[in-house]
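See below for the structure under consideration.
Nothing fancy with the numbering, it's 1 onward along the sequence. Fair warning: this is a prediction, and the values are worked out from it, not measured in the lab.
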Amino acid sequence: INTTSAYTWNVTIPDLPGSANPQIISILPGAIIIGISSPVTTGTYGMANRGMTDPWTVWALSDKEGSRGTLVWLKNYPAPPGDIGLTFGPLDPVNRVWTMAEAETFQWRGFSVDSGAQLWGPTNIEMRDMQYFSSGSGAGQRAVTAYGNLYTQGYGGEMFCIDASNGNLVWKYNDTYTGLQSPWGYLPLLLAAIADGKVYAFNNEHSPNSPLYRGYQVHCI
C-alpha cells in the first residue's frame, strides 16, 4: 500500500519543552490533544520507577479545524510529595476533564482540558488494599468515563463511581465477599462495558490458577 497520502491533514506543531520527548496521551477529536513531555514513568506498566520528574510537563494542542496544531497551553506541575507516582486515567468529554491516579494511594485528580488547571483531588475515598491492582495493568487504579463520571475497578472487588466534574464519590459497589474462596476474601471485579445507564462487570483475574475460584459472576449495576 502506498501510504504517502494516507492521512487527512498535516500540520507543524511548536516546540514542547520538558524533560523527555513529547508523546500524545489523550485526544478529544475535533477539539484538543493532550500530551506529556516528561518520562513515561507517569504511565509505565507496573510503575517500575516510583515518584515523578519534578516538574512534570503536560501540554494541549488544538485539534479544531483552522487552528489545528497550535499550542493551547503548556504547564509544569510539581511532583507529589512522598515518592507518589501518577498514572494517566481517561479523559471525560462531558466535563472536559483529564484525570490522573496516584498509584500508591489509589486516589484520583482531575484537570481542565481547556486550561490544564487542577480542578480537584486528590480524592479521599477509602478502598480495600487489593484495589492497588486494577485489571492487569500493574500498580494503580484503572478507570473509564461515561455519563460525566469516572468508574474504577480492582482486585479488592470494588467499583467506584466518581463525579468527574468535582471528584465526589457518587456510589460504590463492593458486594463481592467470598470467604475462603480467594486468598484475600474477595473476588476481583473488572469492568466490561457501560451502556444504557448500566455498568457491566465480571469476576476474573490476570493469571487464574486451577482450581478456579468458585462464585464467579457477571454483575449489572
Side-chain angles (χ1 to χ4, degrees), residues 42-47 50 80 82 84-95 97-111 118-221:
T42 48
T44 297
Y45 177 89
M47 290 298 296
R50 295 190 61 207
I84 293 294
L86 299 178
T87 59
F88 276 93
L91 184 152
D92 168 38
V94 176
N95 297 292
V97 171
W98 55 277
T99 61
M100 297 198 81
E102 295 187 356
E104 293 81 7
T105 69
F106 327 153
Q107 303 304 314
W108 287 86
R109 303 176 184 220
F111 300 79
Q118 183 168 331
L119 302 175
W120 50 263
T123 51
N124 186 26
I125 300 172
E126 184 175 350
M127 299 185 186
R128 296 169 181 157
D129 291 346
M130 286 296 289
Q131 287 293 109
Y132 177 81
F133 303 103
S134 53
S135 55
S137 58
Q141 287 281 287
R142 179 180 287 185
V144 300
T145 56
Y147 311 120
N149 298 318
L150 188 72
Y151 299 87
T152 74
Q153 59 188 356
Y155 274 49
E158 298 186 292
M159 181 171 293
F160 297 86
C161 173
I162 301 168
D163 188 332
S165 69
N166 54 30
N168 292 338
L169 179 65
V170 180
W171 53 258
K172 72 176 178 179
Y173 175 80
N174 60 3
D175 186 16
T176 56
Y177 180 70
T178 189
L180 298 178
Q181 294 304 319
S182 79
W184 61 95
Y186 297 94
L187 293 177
L189 188 66
L190 308 181
L191 197 149
I194 300 177
D196 192 33
K198 303 174 182 68
V199 181
Y200 295 89
F202 59 97
N203 301 128
N204 195 6
E205 70 124 320
H206 182 278
S207 305
N209 296 317
S210 295
L212 300 174
Y213 303 152
R214 290 188 294 183
Y216 275 7
Q217 301 179 70
V218 175
H219 305 250
C220 177
I221 305 160

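When atom types are taken as modelled, the side chain of T176 and the backbone of Y186 share no donor-acceptor pair closer than 3.5 angstrom. A donor-acceptor contact shorter than 3.5 Å links the side chain of N203 to the backbone of P188.
Ring geometry, W98 versus F111: the interplanar angle falls under 30°, so the pair is classed parallel (tilted spans 30 to 60°). Ring pair W171/Y151 is tilted by interplanar angle, where 30° to 60° counts as tilted.
C161 approaches L169 most closely through the heavy-atom pair O-CD1, 3.5 Å. In this structure, D163 and V170 approach most closely via the heavy-atom pair N-CG2, 3.6 Å. Of all heavy-atom pairs between I194 and Y147, the closest is CG2-CE1, 3.6 Å. Of all the heavy atoms in A143 and L150, the pair that sits closest is CB-CD1, 3.8 Å. Nearest heavy-atom pair, H219 versus D175, reported as atom, atom and distance to 0.1 Å: CE1-O, 4.5 Å. For C220 against K198, the heavy-atom pair with the smallest separation is SG-CD, 3.6 Å.
When T145, T152, D92 are each tested for a side chain to side chain contact (heavy atoms under 4.5 Å, CB included) with I162, only one passes: T152.
Within the model, atoms CD of Q141 and CE of M127 stand 4.5 Å from one another, a figure rounded to the nearest 0.5 Å. Expressed to the nearest 0.5 Å, how far CH2 of W120 lies from CZ of R109 amounts to 10.5 Å. Annotation: the span from N174 atom CG to F160 atom CZ amounts to 6.5 Å, rounded to 0.5 Å. One distance of note links CD of Q107 with CG of L86; it measures 12.0 Å at 0.5 Å rounding. Rounded to the nearest 0.5 angstrom, Q131 CD and R142 CZ are separated by 13.5 Å.
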Start with the C-alpha distance between K172 and I125, add both sets of side-chain angles, then the distance that settles side-chain contact (heavy atoms from CB on, under 4.5 Å), and finish with yes or no. CA-CA 10 Å; K172 72 176 178 179; I125 300 172; over 6 Å; no
Does the side-chain contact (heavy atoms from CB on, under 4.5 Å) test come out yes or no for W184 and R128, once each step is laid out? CA-CA 10 Å; W184 61 95; R128 296 169 181 157; over 6 Å; no
Residues T178, R214; criterion side-chain contact (heavy atoms from CB on, under 4.5 Å); working and verdict: CA-CA 8 Å; T178 189; R214 290 188 294 183; over 6 Å; no
Verify side-chain contact (heavy atoms from CB on, under 4.5 Å) between Y216 and L187, making sure each step is shown before the conclusion. CA-CA 8 Å; Y216 275 7; L187 293 177; 3.8 Å; yes
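In this structure, the side chains of L189 and Q153 stay at 4.5 Å or more apart for every pair of heavy atoms.
Side-chain atoms of T105 and E102 include a donor-acceptor pair closer than 3.5 Å.
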